[in-house]
Trainee: 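So that we are looking at the same thing, I have put the structure below in structure tokens.
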Amino acid sequence: MIGMNNAQIADAFDLIADLLEIQGANPFRVRAYRRGARVVREWHESLARVAADDPARLTAIEGIGRDLADKIQALVSTGSVPLLEELRAQIPPSVLDLMRIPGLGPKKAAVLQRELGINTLDELRAACQAHRLRDLKGFGAKTETAIAAGIDLAQSANERIYWSAADQYAQELVEHLRSVPGIEKIALAGSYRRGRDTVGDLDILTVSSDATAAMDQLAQFDGVEVVARGGTKMTIRLPSGLQVDLRVVPAESFGAALQYFTGSKEHNIVLRGLAKSRGLKINEYGVFEVTPEGEKYVAGRTEEDVYGTLGLPLFPPEIRESRFEFALAGAGPLPRLVELTDLRGDLHMHTTATDGRGTLAEMVAAARARGFAYIAITDHSKRVSMANGLDEARLRAQWAEIDRLNATLTDLRVLKGVEVDILERGGLDLADDCLREADWVVASVHYGQNQSREQITARILGALENPNVSAIAHPTGRLINRRAPYEVDLEAVFKAAAAHGKCLELNANPARLDLDDLAAAAAKAHGIPIVISSDAHSVDGFNVLRYGILQARRAGLTAGDVLNTRAWPEVQRLLGRG
DNA sequence: GCCGTTTTCGGCCCGACTGTTTTCAGTCG
């Protein structure tokens, strides 16, 4: 079996980039490694396999040249690469911990390592206490104090929070700023606006006649610490550690600033490169024509204007990742991405029969209130004993209740479903003759998540081969910041799902969002219908669907790619059960 | 280190803020 996976290759490239940066290497060389790391991490197939089968294809990947291709070969065959070993010998990788301190970057880390022999955060703490930093060139008393204060922060820093949590802060902050005199516009930008599954900090953009008033007001938000403050830009930290940037711009720059601060960084680099090749310059103040006489403002009031100057469409923020959006724009008008209101039903939820907190009747009422045309009740099967999972008899009793309920309903169809456990030894937790009577069956792995890649993949492929299974729920089992995805050969899962005409779930729970955006895009490429599901455990549980929609949009999914935008009879036809 | 309708060298996105400087480097986004 092949040694290194894409994530490990990417980590090696990132480590090389970090260490080169500390060495003061050519920044573009550093960027090349980072870019290489990114494309490798996001690549849809195993590069170890590509390297073994058809190595010439490696250099065909954008951002991978001859040198990085050779390094991929070395990494997958030997587990390392000479350059990395040399760098490690010169700089202990623990020095990278120093750069997690806000305000301490590669240059200062290099000075600390070279001049004072500091290799760890503990050694740095001791050096600060002995006031050994302040006499270094480029350092001073203030820097020393700031670094000392930042050491404790270094541990918790870089922790990205769920998008749903960031949304709470975002709404509170906007509410807090709304009343400031002179504020004309407030917008949220950054990865929050792009709908990333996690958010590292919040970017708030305002148009205001009085920047001072806006900043004063933000400084008064409960418990904030002001990190930096200038004439147009301010950075604060909330008690939770979340950093918030406020930027005040004139109205004629609002679109340019919104575009700029929404990013992503990679998207902006491409955009600016395109502008430059056309004699234009883009910054947060606008698009400028560059002539020998100087610069002339040509656009900036709206994002649409900014993109328009380059003949580009207004990209939905969710796809501004420099993954596929520029190619998409080149191929014609942008497709309309799926929206929350496109969903006609929800096909994964629980009731008090197992671990849900709403009764069947309550869940049905909540679904009707939302205007759904159909829902599937998918309680756990018996293996999930902690959740009081259903055996065949209890499940059939629930289905009988659903039959009776359906007889009274005209506007909503309740589907007889189940979330059947994929057992550790393979196979499903309920008998086929029972599953055959269901309208909708989601199969999922809950136990044995530490099994080998081969075992877990085989279990899921087994479920996909079962004619009674409709979809695989949360296909990688990840819990963001809490549990890594289990080892599974997603390529094999995609191929099998496509071959057997099965669906894959994008679980909208903000801690899951699994499939993630990249995997959902890959599944779409295989022609697999994606089901966006709430996995609701209460009547409020449907509210998470919007998080799933954001990830689906990031994957470039249209309503046509999402199974539960369709009417139920059409879903049945697609499943071959019509 | 990558890349090419400026094609194998010479580019590679751009600006705000801070602290240590006295004209700017480093960091950050």
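Note on naming: letters A, B, ... go to the chains in the order of the sequence lines (proteins, then strands), and numbering restarts at 1 for each one. Keep in mind that this is a model prediction, so the values were computed, not measured. Quick note: numbers below take in every heavy atom, side chains included, and nothing from hydrogens, waters or symmetry partners.
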Trainee: Any ring-ring contact (aromatic ring centres under 6.0 Å, His included) pairs touching residues 212-261 of chain A, not counting sequence neighbours?
Mentor: A/His176-A/Phe221
Trainee: Please figure out whether A/Gly105 or A/Tyr33 has its closest DNA chain B nucleotide nearer the 5' end.
Mentor: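 Between the two, 5'-proximity favours A/Tyr33.
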Trainee: B/dG15, B/dC12, B/dC2: which one has an atom nearest the side-chain heavy atoms of A/Glu284?
Mentor: B/dG15
Trainee: Between atom CD1 in A/Ile101 and atom P in B/dT18, what is the gap in whole Å?
Mentor: 20 Å
Trainee: Are any of A/Lys276's side-chain N or O atoms less than 4.0 Å away from OP1 or OP2 of B/dC14?
Mentor: yes
Trainee: Distance check needed: B/dC9 C1' versus A/Phe28 CZ, whole Å only.
Mentor: 15 Å
Trainee: By nearest atom, which of the nucleotides B/dC13, B/dG26, B/dG1 is closest to the A/Lys107 side chain?
Mentor: B/dG26
Trainee: Does a side-chain N or O from A/Lys281 land closer than 4.0 Å to OP1 or OP2 of B/dC13, or not?
Mentor: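 No, A/Lys281 has no side-chain N/O under 4.0 Å of OP1/OP2 on B/dC13.
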Trainee: Side chains of A/Glu42 and A/Asn6: do they bring a donor and an acceptor to under 3.5 Å?
Mentor: no
Trainee: Would A/Lys108 count as a cation-pi partner of A/Phe139, with NZ or CZ less than 6.0 Å from the six-membered ring centre and within 45° of the ring normal?
Mentor: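 The answer is yes, since A/Lys108 meets both limits relative to A/Phe139.
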Trainee: Is A/Thr232 close enough to B/dC17 that one of its side-chain N or O atoms is under 4.0 Å from OP1 or OP2 there?
Mentor: yes
Trainee: Kindly point out which of B/dC14, B/dT27, B/dC17 is positioned nearest to the side chain of A/Asn283?
Mentor: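 Looking only at side-chain atoms, A/Asn283 lies closest to B/dC14.
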Trainee: Distance check, rounded to the nearest 0.5 Å: A/Gln168 atom CD versus A/Ser240 atom OG?
Mentor: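 Rounded to the nearest 0.5 Å, the CD-OG separation comes out at 11.5 Å.
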Trainee: B/dG1 phosphate, OP1 or OP2: any side-chain N/O from A/Arg29 under 4.0 angstrom?
Mentor: yes
Trainee: Rounded to whole Å, how long is the line connecting atom OH of A/Tyr260 with atom P of B/dC13?
Mentor: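 To the nearest whole Å, that distance equals 12 Å.
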Trainee: If I take atom CG in residue A/Leu202 and atom C1' in nucleotide B/dG29, what distance separates them, rounded to the nearest angstrom?
Mentor: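 After rounding, the reported distance stands at 14 Å.
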Trainee: Could you identify the nucleotide paired to B/dT8, looking across every strand shown and requiring Watson-Crick or G-U wobble geometry with both distances under 3.5 Å?
Mentor: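 Pairing partner: none.
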Trainee: Output yes when A/Asp517 and A/Arg553 qualify as a salt bridge under the 4.0 Å nitrogen-oxygen rule, no when they do not.
Mentor: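 Salt bridge flag = no for A/Arg553 with A/Asp517.
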Trainee: Out of B/dG1, B/dT27, B/dT20, which nucleotide sits closest to the side chain of A/Thr143?
Mentor: B/dT20
Trainee: So, does A/Arg229 get its side chain near the phosphate of B/dT18, meaning an N or O under 4.0 Å from OP1 or OP2?
Mentor: no
Trainee: Can we say A/Glu487 and A/Arg453 salt-bridge, meaning some charged N sits less than 4.0 Å from an Asp/Glu carboxylate O?
Mentor: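 Salt bridge between A/Glu487 and A/Arg453, a charged N being under 4.0 Å from a carboxylate O: yes.
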Trainee: With rounding to the closest Å, how many angstrom separate the P atoms on B/dG11 and B/dT6?
Mentor: 15 Å
Trainee: At under 4.0 Å, does any side-chain N or O of A/Asn268 touch on OP1 or OP2 of B/dC13?
Mentor: no
Trainee: Between the base of B/dG29 and the side chain of A/Asp203, is there a donor and acceptor pair under 3.5 angstrom?
Mentor: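 Answer is no: no donor-acceptor pair is held.
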Trainee: Classify the nucleic acid contact of A/Ile16 as base, sugar-phosphate or nothing, counting any heavy atom under 4.0 Å across all strands shown.
Mentor: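 Since no nucleic acid heavy atom lies under 4.0 Å of A/Ile16, the category is nothing.
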Trainee: If the P atom of B/dC13 is compared with that of B/dC2, how far apart are they to the nearest Å?
Mentor: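 My reading of the P atoms in B/dC13 and B/dC2 gives 16 Å.
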Trainee: Taking the minimum atom-to-atom distance to the side chain of A/Leu68, which one of B/dA16, B/dC3, B/dG1 wins?
Mentor: B/dG1
Trainee: Take atom P in B/dG10 and the same atom in B/dG15, then report the distance between them in whole Å.
Mentor: 25 Å
Trainee: For a quick test of reading the model: is some side-chain N or O of A/Gln243 closer than 4.0 Å to OP1 or OP2 of B/dG29?
Mentor: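 Yes, because at least one side-chain N or O of A/Gln243 sits under 4.0 Å from OP1 or OP2 of B/dG29.
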Trainee: Whether A/Thr235 contacts B/dC17 is assessed here as follows: a side-chain N or O lying under 4.0 Å from the phosphate OP1 or OP2. Is that the case?
Mentor: no
Trainee: Please determine if A/Arg196 and A/Glu321 form a salt bridge, counting it only when a charged side-chain N lies under 4.0 Å from a carboxylate O.
Mentor: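 No.
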Trainee: Quick one: which of B/dG26, B/dG19, B/dC3 gets closest to the side chain of A/Lys108?
Mentor: B/dG26
Trainee: Return the value, rounded to whole Å, for the distance between atom CZ of A/Arg247 and atom P of B/dC28.
Mentor: 17 Å
Trainee: In whole angstrom, give me the gap between the C1' atoms of B/dG26 and B/dT21.
Mentor: 12 Å
Trainee: Between A/Tyr285 and B/dA16, is there a side-chain N or O to OP1/OP2 distance below 4.0 Å?
Mentor: yes
